[in-house]
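Just so it is clear: chains get the letters A, B, ... in the order the sequence lines come, proteins before strands, and each one is counted from 1.
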Number of protein chains: 2
Amino acid sequence: MPARPTMVDVARHAGVSQTTVSFVLNGRTDVPVAPETRRRVLEAAALLGYRPNRAAQDLKRGSSSVLGIVSNGIASHPFAGRMILGIQKAARAAGYVCMVVDMPDDEEGRDEAVRSLLDRGVAGLIYASPATVPVRQTETGVRVRTVFSGCWPENGEPGEAVILPNDVEGGRLAARAALDRGHRRIAFLGGTYQEQATVDRERGLDLACAEVGMAPEDVWRAYGDYSIDSGYRLARTAMAEDEFTALICGNDRMALGAVLALHELHYDVPGRVSVVGYDDQEELAEEMRPAFTTVALPHYEMGLLAGERLTSPPGSPTVPERILVPCPLVVRASVVPVSAPS
Amino acid sequence: MPARPTMVDVARHAGVSQTTVSFVLNGRTDVPVAPETRRRVLEAAALLGYRPNRAAQDLKRGSSSVLGIVSNGIASHPFAGRMILGIQKAARAAGYVCMVVDMPDDEEGRDEAVRSLLDRGVAGLIYASPATVPVRQTETGVRVRTVFSGCWPENGEPGEAVILPNDVEGGRLAARAALDRGHRRIAFLGGTYQEQATVDRERGLDLACAEVGMAPEDVWRAYGDYSIDSGYRLARTAMAEDEFTALICGNDRMALGAVLALHELHYDVPGRVSVVGYDDQEELAEEMRPAFTTVALPHYEMGLLAGERLTSPPGSPTVPERILVPCPLVVRASVVPVSAPS
DNA sequence: TTGAAAGCGCTACCAG
DNA sequence: CTGGTAGCGCTTTCAA
């Protein structure tokens, strides 16, 4: 197995100087190269299977073709992958590649992780999080292009952009999914109390109520922690409280918990009680019985946006942008028109 | 925001040559340096916040401190993250960092993705997959250390190691979870027919049967596709067939589907029917009602092993190793002793 | 139209 | 003990 051929090898093979090889391979139009020479170079390169050493290119150019992703919980979250996939899509299109480090829990480890990225001279940093939370930004001491996807800096500048899901709108859509089908005895099984996502989605609920002329106070509310288990407990509590016909859940996992509880209580879903989820979680929402009517978290798009931002020329936008990505409603089977009161 | 200081800057500040700075900072013991000089260098480095440029180091050394991860479905799979986390853990410990590319579906895109990693001079390649499947290895033309985690090469050499979960043993454990609690009317709701994981887990089931003196043929069997939905359908079919007291499912998602079906059929879980899952899926198995008794897929450990392999000195093992990582049984609430026959 | 030469930031050899 | 010097593989003046 031979070592990788270098530009010098190609030059030697083509009988030209290394400089010329560089010109040809970089397709520089400002430097005229004789067609015959160009052909020879291309041929030699192809023959040897030459591929430029990106590390060397980057070093010389003083710029880099690597994006650094600082991930907050790449593990366990099925979403994290989708966001990284979006980033990669943009990266690949621009000839970039991604380095990923997971944010360790301790502050020191996290700073070190970010620095390890900087030490490799990444072109930019993306703080990526599947949950909408504040993150501590590492003081780098050097200017590096930064964008936040799914999170925002609790300290320091917000970089070039903060990309967040439009959870208010998503919450509104989730509520409307039930409201529009005639449901008025509604319980809101929120996620973790006072977390940004929870607050936003609940605000959307209030908006939706106002839109259909229902008093927001008439919605029963309780909070869990986005786990299946908390959905289960909250649903039991709710149904003991009143004969709700629709449960609006903090996320799909809580919706799943709610379904489990409803089954135990012998309520048919969606026949007797409709359930709306949130997240459109991969391998869950669509596969459920009944399949969840839910709101999709646009992680892929968020990642795409973040990646595009950092791979596009430094450009003009000096004022950090705050981008709210739409969360579309996905209508499936878990919400049906309210049945006539028995 | 100043540019990153280089070694020359440190040297100037300390009033020594750049060479000396290199010696000191690399802590080379073979080259004696006067304590006073060393102190001055260290001081200057600290003052300037100097950090070596890894890209330059790697270029010079001709070796690299980056691991390339070729991920098969980093998206959607909650596991992928755990495996990458394991790889990262090993990587960090050795001063490495990871570049991740997701394997595109088309062959061409995939080869290009792998090459883009090689172009950056990664120290090694890890083909990582959350599902036990064969992958097409890219012909690189150059020798690069490779290990497979959760997959194996369907073409070419198996690299240094192929790391797989011990699904036979896992399947055995899953079956024993039911068998040991007296269950004998058992249905096996397998995953995708003839997929490696399915085959192995079923083999484990046969082993377990033999151990407790039950005829393997006495276990009812059917296959789905590892989705919630298929678990649901298979469970309905099974229960229409016979009065099973335990359902051994292909994975936790199928187990979830089975629970849903059982609820609909008004069978109490686990009171009337026990359910055993597989995967110990994050945010699912533990949060379920009842929490799943399941078998843990050791993705983190597999990643760790893969990472350690590639960050350890080239070493001796020339013969590719086949490593089977144990899948421990996690006992929770979804399996209980069989109730006295009514 | 082509090539010699100077580095990017770093390591490592060898002379002093 | 310390520092000059030669590169790693590449881009980019500047001359020929």
Side-chain angles (χ1 to χ4, degrees), chain A residues 2-42 44-45 48-66 95 118-123 142, chain B residues 2-42 44-45 48-66 95 118-123 142:
Chain A
R4 279 176 80 95
T6 73
M7 239 179 205
V8 177
D9 297 323
V10 177
R12 206 171 5 238
H13 237 82
V16 299
S17 80
Q18 189 242 45
T19 308
T20 303
V21 176
S22 174
F23 287 158
V24 172
L25 264 26
N26 287 358
R28 291 186 47 162
T29 51
D30 55 329
V31 184
V33 174
E36 165 62 11
T37 307
R38 138 171 279 103
R39 199 191 55 68
R40 284 222 311 283
V41 170
L42 259 17
L48 298 180
Y50 171 77
R51 300 210 113 222
N53 179 327
R54 301 297 304 254
Q57 281 186 327
D58 287 354
L59 175 61
K60 179 62 199 174
R61 284 206 256 255
S63 72
S64 138
S65 56
V66 180
L118 260 17
D119 290 347
R120 264 93 181 174
V122 293
V142 295
Chain B
R4 281 175 79 97
T6 73
M7 235 179 209
V8 177
D9 297 323
V10 176
R12 207 173 3 239
H13 237 81
V16 299
S17 81
Q18 190 241 44
T19 307
T20 303
V21 176
S22 174
F23 286 158
V24 172
L25 263 27
N26 287 358
R28 292 185 45 164
T29 50
D30 54 329
V31 184
V33 174
E36 165 61 9
T37 307
R38 136 172 280 102
R39 198 191 54 69
R40 284 222 311 284
V41 170
L42 260 15
L48 298 180
Y50 171 78
R51 300 209 112 221
N53 178 329
R54 300 299 303 256
Q57 281 186 328
D58 287 354
L59 176 62
K60 178 64 200 174
R61 284 205 257 255
S63 72
S64 136
S65 56
V66 180
L118 260 18
D119 290 347
R120 264 93 182 173
V122 293
V142 295

Kindly give the heavy-atom pair with the smallest separation between [X] and [Y], and that separation in Å.
X: A:Ser65; Y: A:Gly95; answer: CB-O, 3.9 Å
X: A:Arg40; Y: A:Val16; answer: NH2-CG1, 3.6 Å
X: B:Val10; Y: B:Ala44; answer: O-CB, 3.8 Å

Exercise. Which nucleotide of DNA chain C is the first, and which the last, in the 5' to 3' direction, to come under 4.0 Å of a heavy atom belonging to chain B?
Worked result: C:dG9 to C:dC13
Return each pair, listed once, that meets salt bridge (charged side-chain N to carboxylate O under 4.0 Å, His left out) where at least one residue sits in [range]; pairs must be two or more places apart or across chains.
range: residues 11-20 of chain B; result: B:Asp9-B:Arg12
range: residues 15-32 of chain A; result: A:Arg28-A:Asp30
range: residues 13-24 of chain B; result: none

Problem set entry | Near-strand residues of residues 48-59 of chain A, defined as heavy-atom separation under 4.0 angstrom from DNA chain C |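 The answer is A:Leu59.
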For this session: State whether B:Thr20 places a side-chain N or O below 4.0 Å from either non-bridging phosphate oxygen (OP1 or OP2) of D:dG3.
Result: yes
Exercise. What parts of residues 10-19 of chain A reach DNA chain D, counting only heavy atoms under 4.0 Å away?
Worked result: A:Gln18, A:Thr19
Seminar exercise, completed: The correct set of residues in residues 25-35 of chain A placing a heavy atom under 4.0 Å from DNA chain D is A:Asn26, A:Arg28
Exercise. Can you check the B:Lys60 NZ to D:dT5 P distance for me, whole Å?
Worked result: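 One finds 16 Å between P of D:dT5 and NZ of B:Lys60, rounded.
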For this session: Rounded to the nearest angstrom, tell me the gap between atom CE in B:Met7 and atom C1' in D:dG3.
Result: 14 Å
For this session: Please name all residues satisfying salt bridge (charged side-chain N to carboxylate O under 4.0 Å, His left out) with A:Asp119, sequence neighbours left out, ordered by chain then number.
Result: B:Arg4, B:Arg51
Listing time: all N or O pairs from protein to nucleotides 14-16 of chain D that are below 3.5 Å?
none

Exercise. If you measure from CD on B:Gln18 to OG1 on B:Thr20, what distance do you get to the nearest 0.5 Å?
Worked result: 9.0 Å
Exercise. Roughly how far apart are A:Ser17 OG and A:Phe23 CZ, rounded to 0.5 Å?
Worked result: 8.0 Å
Problem set entry | Distance-only donor-acceptor check, side chains B:Ser64 and B:Arg120, under 3.5 Å |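 No.
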Problem set entry | Qualifying residues under side-chain contact (heavy atoms from CB on, under 4.5 Å), relative to A:Gln57, sequence neighbours excluded |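 In terms of side-chain contact (heavy atoms from CB on, under 4.5 Å), with neighbours along the sequence ignored, A:Gln57 is linked to A:Asn26, A:Pro52, A:Arg54, A:Arg61.
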Problem set entry | All side-chain contact (heavy atoms from CB on, under 4.5 Å) counterparts of B:Asn53, not counting sequence neighbours |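 In terms of side-chain contact (heavy atoms from CB on, under 4.5 Å), with neighbours along the sequence ignored, B:Asn53 is linked to A:Leu59, B:Ala55, B:Ala56.
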For this session: Could you go through the side-chain contact (heavy atoms from CB on, under 4.5 Å) check for A:Val21 and A:Tyr50 one step at a time?
Result: CA-CA 11 Å; A:Val21 176; A:Tyr50 171 77; 5.6 Å; no
Exercise. Which is true for A:Ser22 with a 4.0 Å heavy-atom rule: it touches a base, it touches only sugar-phosphate, or it touches nothing?
Worked result: base
Problem set entry | Pairwise 5' ranking along DNA chain D for B:Arg61 and B:Thr37, keeping only the more 5' one |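 Nearest-nucleotide comparison on DNA chain D picks B:Thr37.
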For this session: Compute the bend angle of the helix from C:dT1-D:dA16 to C:dG16-D:dC1 from the end axes (five pairs per end), rounded to 10°.
Result: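 The two end axes of the helix from C:dT1-D:dA16 to C:dG16-D:dC1 meet at 50°.
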